[in-house]
Amino acid sequence: MNWKIIHIDETDSTNRWLTVNCTEGQAPCVVVADYQTAGRGCGTNKWESERGKNLLYSMMIHPTEIPVNKQFVVSMAVANSIAKVVRNHVESACDASTLNTREVCVKWPNDIYVGDKKICGILIENRLQGGVIKDSIIGVGLNVNQLSFVSDAPNPISLANITARLFDREALLQELLEAFDEEWADLERVHGRYLQQLYWRKGFHHFRNAWGELTAKIFTVETDGHLWLRDVDGRGNRYAFKEVEFLVSSE
């Protein structure tokens, strides 16, 4: 895509900035901020980021060929592309003895994890019209050069924490945009790549749903985004976003 990149010092939310300032039919647009005063995760979650240390950006695309019932493909494409870039840097910095604890995965629906630590959150807001996606605003918070985290977030980590080096954020952004372009050009195989790198895709793990805690394994994620779990008795359960929680250790 021919991205128009806009740099700003500060805003409350890069997603909101794009909503207000980028118009219908405009070329694909990216706004990058050094700081967000009200950075958001999904729901009521907030995103901690030290000023000038991380990548806080939002992309606006107009995927009018994507029907409403297939909108999860946007989420998968973004998650796949970010995971690819993060994995390249992690694998180049870690030796074989540590890579098994540094696996880069996509935690359903679209968080990026390194081991059991969260390195990136994604917030997607689709505007729909006539059965298709009119606009998709994709907000990304990627921990890059921040070395310590003071919020009550249970498990944050940054690229600098993992690799023991600092990154040029502008160069990293270009890598991320190029990776997204490649992923978007091959949407037919996005779902398969997404399933291959799911967090907790192997074995049984602990979850919590509306009825309490359960031990289950991931069976699949449907193309519309629903997660299927199978418990130790072989029973399957289908979940929409926010209907089930991964009980990840914060240690």
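Please read all numbers here as calculations on a predicted model, not as lab measurements.
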Pairs under 3.5 angstrom only: tabulate donor-acceptor contacts from the side chains of residues 66-73 to other protein residues two or more places apart or in another chain.
residue, atom, partner, partner atom, Å
Gln71, OE1, Asn126, ND2, 3.0
Gln71, NE2, Val68, O, 3.1

Quiz item: Taking side chain as C-beta onward, heavy atoms only, is Asn237 less than 4.5 Å from Asn209?
Solution: no
Quiz item: So how far is it from Leu176 CG to Arg169 CZ, rounded to the nearest 0.5 Å?
Solution: 12.5 Å
Exercise. Could you tell me whether a side-chain N or O of Asn161 sits under 3.5 Å from a main-chain N or O of Ser158, the two making a donor and an acceptor?
Key: yes
Quiz prompt | Minimum side-chain heavy-atom gap Val74-Ile133 below 4.5 Å | solution = yes
Exercise. Flag the pair Val104 / Ile112 as yes when at least one side-chain heavy-atom distance between them is below 4.5 Å, and no otherwise.
Key: yes
Quiz item: Who pairs with Arg51 by side chain to side chain donor-acceptor pair (under 3.5 Å), at least two apart in sequence or on another chain?
Solution: Glu10
Self-check item: Sub-4.5 Å side-chain heavy-atom contact between Phe246 and Asp111
Solution: no
Quiz item: Do you know which two heavy atoms are closest between Trp3 and Met60, and how far apart they sit?
Solution: CZ3-O, 4.2 Å
Quiz item: Under a single-linkage definition using a 4.5 Å side-chain heavy-atom cutoff for Ile, Leu, Val, Met, Phe, Trp and Tyr, are Leu56 and Phe149 assigned to the same hydrophobic cluster?
Solution: no
Self-check item: Heavy-atom pair with the smallest gap, counting every atom of Trp228 and Arg238
Solution: CZ2-CD, 3.5 Å
Quiz prompt | Closest non-hydrogen atom pair between Leu247 and Phe207, with its separation | solution = CD1-O, 3.6 Å
Self-check item: Tyr57/Ile5 under side-chain contact (heavy atoms from CB on, under 4.5 Å): CA gap, chis, key distance, verdict
Solution: CA-CA 10 Å; Tyr57 66 98; Ile5 302 176; over 6 Å; no
Quiz item: Roughly how far, to the nearest 0.5 Å, is the CD atom of Glu91 from the CZ atom of Arg102?
Solution: 13.0 Å
Quiz item: Nearest 0.5 Å, what's the OG1-CH2 distance between Thr11 and Trp17?
Solution: 8.0 Å
Quiz item: Given the rule in the side-chain contact (heavy atoms from CB on, under 4.5 Å) test, do Leu172 and His89 qualify, once you have shown the distances and angles that lead to the verdict?
Solution: CA-CA 10 Å; Leu172 188 60; His89 287 289; 3.7 Å; yes
Quiz item: Is there a path from Val86 to Leu147 through hydrophobic residues (I, L, V, M, F, W, Y) whose side chains come within less than 4.5 Å of each other?
Solution: no
Quiz item: Where is the tightest heavy-atom contact between Asp116 and Val248, given as atom of each residue plus distance?
Solution: O-CG1, 3.9 Å
Practice problem: Would you kindly confirm whether Phe204 and Val244 end up in one hydrophobic cluster when ILVMFWY residues are joined by side chain heavy atoms under 4.5 Å apart? | Solution: no
Self-check item: Separation between CD of Glu245 and CD of Glu213, rounded to the nearest 0.5 Å
Solution: 8.5 Å
Self-check item: Inter-residue atom distance Glu175.CD - Asp168.CG, 0.5 Å rounding
Solution: 9.5 Å
Practice problem: Indicate yes or no for a side-chain donor-acceptor contact from Trp108 to the backbone of Tyr199 under 3.5 Å, with no hydrogens or angles considered. | Solution: no
Quiz item: How far apart are the closest heavy atoms of Cys105 and Arg201, and which atoms are they?
Solution: SG-NH1, 3.8 Å
Quiz item: Would you say Val132 and Ile138 are hydrophobically clustered, going by side-chain heavy atoms of ILVMFWY under 4.5 Å?
Solution: no
Quiz prompt | Within 6.0 Å of CZ in Arg189, more than 12 heavy atoms from elsewhere | solution = no
Practice problem: Output yes when a side-chain donor or acceptor of Asn15 lies under 3.5 Å from a complementary backbone atom of Gly139, and no otherwise. | Solution: yes
Quiz item: Can you name the residues that form a side chain to side chain donor-acceptor pair (under 3.5 Å) with Lys84, not counting sequence neighbours?
Solution: Glu182
Self-check item: Ring geometry between Trp200 and His205 (parallel below 30°, tilted from 30 to 60°, perpendicular above 60°)
Solution: parallel
Quiz item: If only atom types and distance count, is the side chain of Gln146 paired as donor or acceptor with the main-chain N or O of Lys53 below 3.5 Å?
Solution: no
Practice problem: Keeping the roles fixed (side chain from Asp231, backbone from Asp233), state whether a donor-acceptor pair exists under 3.5 Å. | Solution: yes
Quiz prompt | Enclosure of Glu65 CD (heavy-atom neighbours >12, cutoff 6.0 Å) | solution = yes
Quiz prompt | Residues Asp135, Leu18; criterion side-chain contact (heavy atoms from CB on, under 4.5 Å); working and verdict | solution = CA-CA 11 Å; Asp135 303 306; Leu18 275 182; over 6 Å; no
Quiz item: Which atoms form the tightest heavy-atom contact between Asn145 and Ala160, and what is the distance?
Solution: CA-CB, 3.9 Å
Practice problem: Sort out for me which residue in Val30, Val31, Val32 forms a side chain to side chain contact (heavy atoms under 4.5 Å, CB included) with His7. | Solution: Val32
Quiz item: Okay, side chain of Asp34, backbone of Asp9: is any donor-acceptor separation there less than 3.5 Å?
Solution: no
Practice problem: Apply the test side-chain contact (heavy atoms from CB on, under 4.5 Å) to residues Val190 and Asn80: give CA-CA distance (whole Å), side-chain angles for both, the deciding distance (0.1 Å), then the verdict. | Solution: CA-CA 8 Å; Val190 161; Asn80 286 355; 3.8 Å; yes
Quiz item: Under 4.5 Å between any side-chain heavy atoms of Asn110 and Ile82, yes or no?
Solution: no
Quiz prompt | Value rounded to 0.5 Å, distance of CH2 in Trp184 from OG in Ser81 | solution = 10.5 Å
Quiz item: Does Thr19 reach the side chain of Arg127, with side-chain heavy atoms less than 4.5 Å apart?
Solution: yes
Practice problem: Ignoring hydrogens and angles, state whether a donor on the side chain of Thr14 or Gln36 is under 3.5 Å from an acceptor on the partner side chain. | Solution: yes
Exercise. Answer yes or no: does atom NZ of Lys107 have more than 12 heavy-atom neighbours from other residues, nucleotides or ligands under 6.0 Å?
Key: yes
Self-check item: same_hphob_cluster(Leu123, Tyr35) at 4.5 Å side-chain heavy-atom cutoff
Solution: no
